[in-house]
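Report on the structure given below.
These numbers come from a predicted model, not from an experiment. All heavy atoms count here, side chains included; hydrogens, waters and symmetry mates do not.
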Protein chains: 2
Amino acid sequence: MAAETLTAVRSIVRQSQDIVATRTYRPPCDVCVECDVRKQAVCAALDDSELGALQAIMTSTKLETHRTLVDQGQPRNRVYTLTSGMLRLYTMLPDGRRQITAFLLPGDYLGLGDEDVHDQTAEAVVDCSLCGFTVGEMEKLMDRYPRLRQRLHQMTRIALRQARDSQMILGRLAPVEKVASFLLVLSARAAEHGGALNPVHLPMTRTDIADYLGLTIETVSRSFTKLRVQGLIRLPDAHQVDIVDRRALTAVAGIEAR
Amino acid sequence: MAAETLTAVRSIVRQSQDIVATRTYRPPCDVCVECDVRKQAVCAALDDSELGALQAIMTSTKLETHRTLVDQGQPRNRVYTLTSGMLRLYTMLPDGRRQITAFLLPGDYLGLGDEDVHDQTAEAVVDCSLCGFTVGEMEKLMDRYPRLRQRLHQMTRIALRQARDSQMILGRLAPVEKVASFLLVLSARAAEHGGALNPVHLPMTRTDIADYLGLTIETVSRSFTKLRVQGLIRLPDAHQVDIVDRRALTAVAGIEAR
DNA sequence: CGTATGATTGATTAGAATCAAGCTCTGTGG
DNA sequence: CCACAGAGCTTGATTCTAATCAATCATACG
């Protein structure tokens with residue numbers, strides 16, 4: 001196994017990325033009210049009149065493609081809401097093997113961990129915008145607005161559900177089934193987040209998909225090809241998937257009813 | 001694939017189990033105060049004086065080995081705290097493939113889902129005792145005691161962390177590594193729950209372990225044998241594992257630092 | 001004591017990882 | 001403008017490993 005090589009390569013990449021990872025600034029006055037993810041993020045728990053309290057402790061952050069937002073092992077000082085772009089969350093083994101546990105979409109919350117250090121690394125798949133809060137101030141705010149804590153609890157439960165779905169996908173599905181489910185899940189989530197169901201956009205690389213599904217890039221690629229040849233999807237380009245036959249794709253995914 | 005056979009067999013087993021799944025009764029007065037899991041379960045959030053409120057809405061339940069407590073798809077009326085025994089939580093595909101997502105130990109909470117139906121089946125690995133609460137009454141109680149909700153939120157975060165660790169194990173570890181991590185995790189959890197670190201008790205079958213780790217029983221068995229032959233563990237019997245060389249076992253697990 | 005269930009071990013097969021080219025697209029510099 | 005380089009993706013050939021198929025063994029139970 002070429003694990004050492006992998007680690008070496010990745011740590012080199014890491015160094016160049018960490019120099020300037022984020023740019024932070026105070027937001028203008030009424031950003032929150034007209035925010036794109038107002039209805040999906042934690043802030044959905046607050047009405048417009050309460051939103052000021054959240055905005056008061058919030059800082060906006062931009063994160064460029066491939067930059068690291070938080071690193072596995074770093075102290076957990078801040079939590080975030082993703083407002084645009086996509087993040088990948090992953091854990092890495094000492095020998096360089098990587099498991100992506102989730103892709104975060106706009107509205108998703110980063111910092112659902114329970115410990116004082118981050119147990120995962122979060123990186124930008126594409127350019128991202130985020131709202132940041134210090135853990136302490138967010139705690140205070142949740143004490144003041146119980147609905148905020150309730151909403152965060154709900155988001156944690158949803159994340160748990162997604163993680164458990166992913167356990168099924170990782171443990172019991174064959175490669176083509178994994179890729180088919182991946183596409184369907186992404187399509188459904190895009191729709192939930194206010195996007196379209198059908199042309200599924202995959203901003204991440206094949207390597208990311210492989211590290212999410214517990215496969216190699218070659219197997220991911222071959223699975224895409226199989227689905228394309230069978231006429232279930234079209235692939236205008238590597239990052240754009242047109243679901244031609246959703247019913248058949250669902251059957252392949254092995255999920256059937258859901 | 002002999003999936004149809006599997007389904008058939010399992011549904012027959014199911015029928016015989018569902019006839020009388022649980023026996024329920026009102027608990028005597030001061031059960032909660034001197035409960036074994038008083039310090040680990042949700043109730044840890046309440047002090048002795050507040051415990052009465054919880055006890056008032058609680059019903060004790062016994063569940064015999066292999067009985068089903070809740071079924072994937074059933075309405076989610078009640079939630080539970082496991083007080084003794086062990087539960088397996090799993091999702092099943094229409095074709096009979098099964099993925100166990102968690103083994104619940106005493107103190108663990110069942111019902112962290114977010115929907116009005118259970119997304120998983122919960123079965124007794126061995127005889128179990130549980131405290132049951134209706135969802136509605138638990139909700140009311142959490143409104144009254146915010147610390148209770150906070151505690152449940154924390155337990156959800158811990159479950160999420162465990163699910164994500166499991167994603168890594170399922171997606172990126174080799175069979176022997178999977179089994180090694182499984183043993184270490186179980187050992188650590190037993191210790192957390194007030195048990196001993198070392199002789200690890202495995203009440204579940206090899207089939208359960210296989211369905212948890214995304215393997216077949218044969219591969220699980222062979223992995224145990226490998227670890228035994230290498231002198232890392234001893235196997236007095238199939239359900240008892242003596243960890244001889246914890247350091248080496250950790251190295252095999254690929255986790256190394258944690 | 002025979003039967004059933006679960007666990008282990010062995011032989012064979014299927015399929016995903018690995019190894020190894022190509023290919024496509026993008027961006028760069030001559 | 002085109003040649004070239006590089007990264008990411010796809011495809012092909014080969015290897016290796018876990019699944020499958022098939023006994024055998026161990027233990028509990030009627």
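The closest side-chain heavy-atom distance from A:Leu183 to A:Leu227 is below 4.5 Å. At a threshold of 4.5 Å between non-hydrogen side-chain atoms, the residues B:Met168 and A:Leu93 count as touching.
Rounded to a whole Å, the NE2 atom of A:His66 is 7 Å from the P atom of D:dG8. A:Leu235 places its CG atom 15 Å from the P atom of C:dT24, with the value rounded to the nearest Å. Summarising the geometry, the separation between CZ on B:Arg206 and C1' on C:dT8 is reported as 9 Å, rounded to the nearest angstrom. With rounding to whole Å, A:Gln240 atom CD is found 15 Å from C:dC25 atom C1'. In this entry the distance linking CD1 of A:Ile209 with P of D:dC9 reads 8 Å, nearest Å. As rounded to whole Å, 11 Å separates atom C1' of D:dT20 from atom CD1 of B:Ile217. Rounded to an integer number of Å, the gap from B:His239 NE2 to C:dA7 P is 5 Å. To the nearest angstrom, P of C:dA17 lies 11 Å from CG of A:Leu213.
Map B:Gly214 and A:Phe224 each onto its nearest nucleotide of DNA chain D; the residue landing nearer the 5' end is A:Phe224.
Taking a 4.0 Å limit (strictly below) on heavy-atom distances, residues 166-179 of chain A does not reach DNA chain D anywhere.
At a threshold of 4.0 Å, the pair B:Arg76-B:Asp119 does not count as salt-bridged, since none of the basic side-chain nitrogens sits closer than that to a carboxylate oxygen.
Seen from the ring of B:Tyr90, B:Arg98 counts as a face-on cation partner, given the 6.0 Å and 45° thresholds. A cation-pi geometry, defined here as NZ or CZ lying under 6.0 Å from the six-membered ring centre and within 45° of its normal, does not hold between B:Arg189 and B:Phe103.
Interface remark: the A:Arg222 side chain does not form any donor-acceptor pair with the C:dG15 base, using a distance-only criterion of under 3.5 Å. Under 3.5 Å, the side chain of B:Arg228 and the base of C:dT9 form no donor-acceptor pair of N or O atoms.
When distances run from any side-chain atom of B:Thr219 to the nucleotides D:dT11, C:dA17, D:dA19, the shortest one goes to D:dA19. With D:dT11, C:dT9, C:dA17 as the candidates, the nucleotide lying closest to the side chain of A:Ser221 is D:dT11. Here the side chain of B:Thr216 is nearest to one of C:dA20, D:dT20, C:dA17, namely D:dT20.
How far CG of A:Leu105 is from CG of A:Leu87: 9.5 Å, rounded to the nearest 0.5 Å.
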Starting at the 5' end of nucleotides 24-30 of chain D, put B wherever the base has a protein heavy atom under 4.0 Å, S where only the sugar-phosphate does, and a dash everywhere else. -------
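Side chain of A:Arg164 to backbone of B:Thr91: no donor-acceptor contact under 3.5 angstrom is found. Checking side-chain atoms of A:Asp36 against main-chain N and O of A:Thr83 turns up no donor-acceptor pair under 3.5 Å.
In summary, the aromatic rings of B:Tyr80 and B:Tyr109 are positioned with their centroids too far apart to meet the 6.0 Å limit.
When only modelled atom types and interatomic distance are considered, A:Thr101 and A:Arg88 share no side-chain donor-acceptor pair under 3.5 Å.
Within the 4.0 angstrom heavy-atom criterion, only backbone atoms of the sugar-phosphate kind lie near B:Thr205; the bases stay farther away.
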